[in-house]
Amino acid sequence: MVVHSQSAALDHCSLIKTCKPTTSVFKGIPVVDLRDPEAKTLIVKACEEYGFFKLVNHGVPMEFFTRLEAEALKFFNLPQSDKDKAGPPDPFGYGVKKIGSNGDVGWVEYLLLNTNPQITSLKSLTVFRETPEIFRSAVNDYIQAVKRMTFEVVELMADGLKIEPRDALSRLLRDEKSDSCFRLNHYPPCPELQALGGRNLIGFGEHTDPQIISVLRSNNTSGLQICLSDKTWVSVPPDQTSFFINVGDALQVMTNGRLRSVRHRVLAESMRSRVSMIYFGGPPLSEKIAPLASLMAKGEESLYEEFTWWEYKTSAYKSRLGDYRLGLFEKKTGGAAGQ
């Protein structure tokens, strides 16, 4: 994804959406120290209010961040013909600009990798065949460390919500059939942004994540934005030493709307590339997704129809990126969860 002239860049951008510039940098991002005795309470509060928080003192070595980022950039800096050998995505593998199969595009190239050793992805194997062994090692070390940390986060969340048993969420991510995945995104700089009349170029369009939880780490380039409850878009200050945790759609359902999946997007930068790495923690495909009994008050009705993760994932793949995917699964009586 290399562009050598302004006219070529604008041609490449022609199908990608733009948006009005957002000057608001959000200073109120909840910050949770994983070693804080009150972490369980702070996690729940942040997820109720924003569906999003920054995690510090997380225990994942910085060396894992820097090594994986360096190896990812080596891959993304390869000639386009070499990268294309690992694509097109099925959904795993290498993709560029095209996001999904329903017409969404963005100023991004990416690798989507399977994290379940029980499932073999030919495209994932191709990625590692085309790269040095150190890349596979960097990916595996990072994923294993982030998984362990994520299990701890969702167990603290369960403690804060008084979910019983405590591993009601973490067991779904630990399951050998867990449908989790890992994504490396590269947003190249776009120096021609000024030619767009002051508008921002969409790197990755607005959406919620369908899984239980998403764990994001990026370099120090800005671009990530979240949508607040009043529909205002705000920029999230980057922090390459920390993680940003997103509530996913499945978790919203499992808490009967108490925790909200957060709508977010990424904007392209004019001078600096952004590299992000995201672990998406999903349940097994056959898992039934419904509000947890231990969270339901006496007489409280579920806001959602019960569905399997496979059914929701299949529905999500048929939708556009910005669609309100949970709407199809809301009960039509007894109230609705809303968007």
Donor-acceptor contact below 3.5 Å, side chain Trp107 vs main chain Pro188:
yes
What distance separates Asp249 CG from Asp209 CG, expressed to the nearest 0.5 Å?
7.5 Å
With Ser276 via side-chain hydrogen bond (donor to acceptor under 3.5 Å, both in side chains) - residues at least two apart:
none
Just jot down the ring pair (Phe, Tyr, Trp, His ring centres under 6.0 Å) partners of Tyr50, sequence neighbours excluded, or say none.
Phe26
With the side chain counted from C-beta on, respond yes when Tyr312 and Ile289 share a heavy-atom pair under 4.5 Å apart, and no when they do not.
no
Any residue meeting side-chain hydrogen bond (donor to acceptor under 3.5 Å, both in side chains) with Asp167, in chain and number order, not counting sequence neighbours
none
Applying side-chain hydrogen bond (donor to acceptor under 3.5 Å, both in side chains) to Asp90 and not counting sequence neighbours gives none
Of all heavy-atom pairs linking Ile16 and Ile202, the shortest is CG2-O, 3.2 Å
Could you work out the complete set of other residues in the hydrophobic cluster of Ile134, with links drawn between I, L, V, M, F, W and Y side chains under 4.5 Å apart?
none
In terms of heavy-atom contacts, Val32 and Phe53 come closest through CG2-CD1, 3.7 Å
Among Phe65, Phe52, Tyr279, ring pair (Phe, Tyr, Trp, His ring centres under 6.0 Å) partner for Phe243:
Phe65
What distance do Ile213 atom CD1 and Cys47 atom SG have between them, rounded to the nearest 0.5 Å?
7.0 Å
Members sharing Val56's hydrophobic cluster, built from side-chain contacts under 4.5 Å between Ile, Leu, Val, Met, Phe, Trp and Tyr, are Val31
Please assess Val139 against Leu68 for the test side-chain contact (heavy atoms from CB on, under 4.5 Å), listing each intermediate value before the final yes or no.
CA-CA 6 Å; Val139 168; Leu68 179 54; 3.7 Å; yes
If you count the non-hydrogen atoms of other residues, nucleotides and ligands that lie under 6.0 Å from CD in Glu300, is the total more than 12?
yes
Residue from Val262, Asn256, Thr255 passing side-chain contact (heavy atoms from CB on, under 4.5 Å) with Leu259:
Thr255
Donor-acceptor under 3.5 Å (Arg183 side chain, Met277 main chain):
no
How many angstroms lie between atom CG of Leu172 and atom CG of Leu251, to the nearest 0.5 angstrom?
10.5 Å
Checking salt bridge (Lys or Arg N to Asp or Glu O under 4.0 Å) for the pair Glu71/Lys74: CA distance, chi angles, key distance, verdict?
CA-CA 5 Å; Glu71 293 305 315; Lys74 286 179 186 177; 3.1 Å; yes
Expected list for residues 148-155: side-chain donor-acceptor pairs under 3.5 angstrom, two or more places apart:
residue: Thr150; atom: OG1; partner: Val146; partner atom: O; Å: 2.7
residue: Glu152; atom: OE2; partner: Arg35; partner atom: NH1; Å: 2.6
residue: Glu155; atom: OE1; partner: Arg166; partner atom: NH1; Å: 3.1
residue: Glu155; atom: OE2; partner: Ser170; partner atom: OG; Å: 2.8
residue: Glu155; atom: OE2; partner: Arg174; partner atom: NH2; Å: 3.3

For Asn57 and Asp33, indicate whether the former's side chain and the latter's backbone hold a donor-acceptor pair under 3.5 Å.
no
Indicate yes or no for a side-chain donor-acceptor contact from Ser302 to the backbone of Pro291 under 3.5 Å, with no hydrogens or angles considered.
no
So how far is it from Ile278 CD1 to Leu112 CG, rounded to the nearest 0.5 Å?
9.5 Å
Over all heavy atoms of both residues, which pair between Ile29 and Ile226 is shortest? Give the atoms and the distance, please.
CD1-CD1, 4.1 Å
Nearest heavy-atom neighbours spanning Pro238 and Thr221:
CB-O, 3.8 Å
Locate the shortest heavy-atom distance separating Ser273 from Pro189; write the atom from each residue and the value.
CB-CD, 3.6 Å
Any residue meeting salt bridge (Lys or Arg N to Asp or Glu O under 4.0 Å) with Asp84, in chain and number order, not counting sequence neighbours
none
State which residues pass salt bridge (Lys or Arg N to Asp or Glu O under 4.0 Å) with Asp239; sequence neighbours excluded, sorted by chain then number.
Lys54
Main chain of Val247, side chain of Arg260: is a donor-acceptor contact present, judged purely on distance under 3.5 Å?
no
Quick one: side chain to side chain contact (heavy atoms under 4.5 Å, CB included) partners of Met271, sequence neighbours excluded?
none
Do any N or O atoms from the side chain of Glu287 and from the backbone of Pro284 form a donor-acceptor pair under 3.5 angstrom?
no
Before we go on, tell me: are the rings of Phe76 and Tyr187 under 6.0 Å apart, centre to centre?
no
Is any side-chain heavy atom of Ile99 closer than 4.5 Å to one of His207?
no
Between Leu303 and Glu330, is the side-chain contact (heavy atoms from CB on, under 4.5 Å) condition met? List the steps.
CA-CA 6 Å; Leu303 298 175; Glu330 289 175 347; 6.0 Å; no
Quick check: do Pro30 and Glu49 have side-chain heavy atoms less than 4.5 Å from each other?
no
Residues Arg217, Glu69; criterion salt bridge (Lys or Arg N to Asp or Glu O under 4.0 Å); working and verdict:
CA-CA 10 Å; Arg217 183 266 166 188; Glu69 184 178 322; 2.7 Å; yes
With sequence neighbours left out, write down each residue that passes side-chain hydrogen bond (donor to acceptor under 3.5 Å, both in side chains) with Ser319, or none if nothing qualifies.
Arg325
Decide if the gap between the ring center of His58 and the ring center of Phe64 is smaller than 6.0 angstrom.
no
Report yes if the side chains of Ser218 and Leu224 come closer than 4.5 Å at any heavy-atom pair, otherwise no.
no
Please tell me if the side chains of Ser294 and Lys162 come closer than 4.5 Å, counting only heavy atoms from C-beta onward.
no
Main-chain N/O of Ser180 paired to Thr115 side chain as donor or acceptor, under 3.5 Å:
yes
Would you indicate whether Lys98, at its atom NZ, is surrounded by more than 12 heavy atoms from other residues, nucleotides or ligands within a distance under 6.0 Å?
no
Among Asn246, Ile245, Leu55, whose side-chain contact (heavy atoms from CB on, under 4.5 Å) with Val215 holds?
Ile245
Do Phe182 and Tyr142 have ring centres separated by under 6.0 Å?
yes
Check His264, Arg263, Glu206, Arg265 against Gln225 for a side-chain hydrogen bond (donor to acceptor under 3.5 Å, both in side chains) and give me the one that passes.
Arg265
If the condition is side chain to side chain contact (heavy atoms under 4.5 Å, CB included), which residues does Glu305 pass it with, not counting sequence neighbours?
Lys331
Donor-acceptor pair, side chain of Asp104 and main chain of Leu321, under 3.5 angstrom:
yes
Kindly assign one of parallel, tilted or perpendicular to the pair Phe75 and Tyr94, based on the angle between their ring planes and the thresholds 30° and 60°.
perpendicular
Stepwise, does the side-chain contact (heavy atoms from CB on, under 4.5 Å) test hold for Asn220 with Arg272?
CA-CA 9 Å; Asn220 254 0; Arg272 299 179 61 195; 4.1 Å; yes
Short side-chain to backbone donor-acceptor contact, Asp175 and Lys177, under 3.5 Å
yes
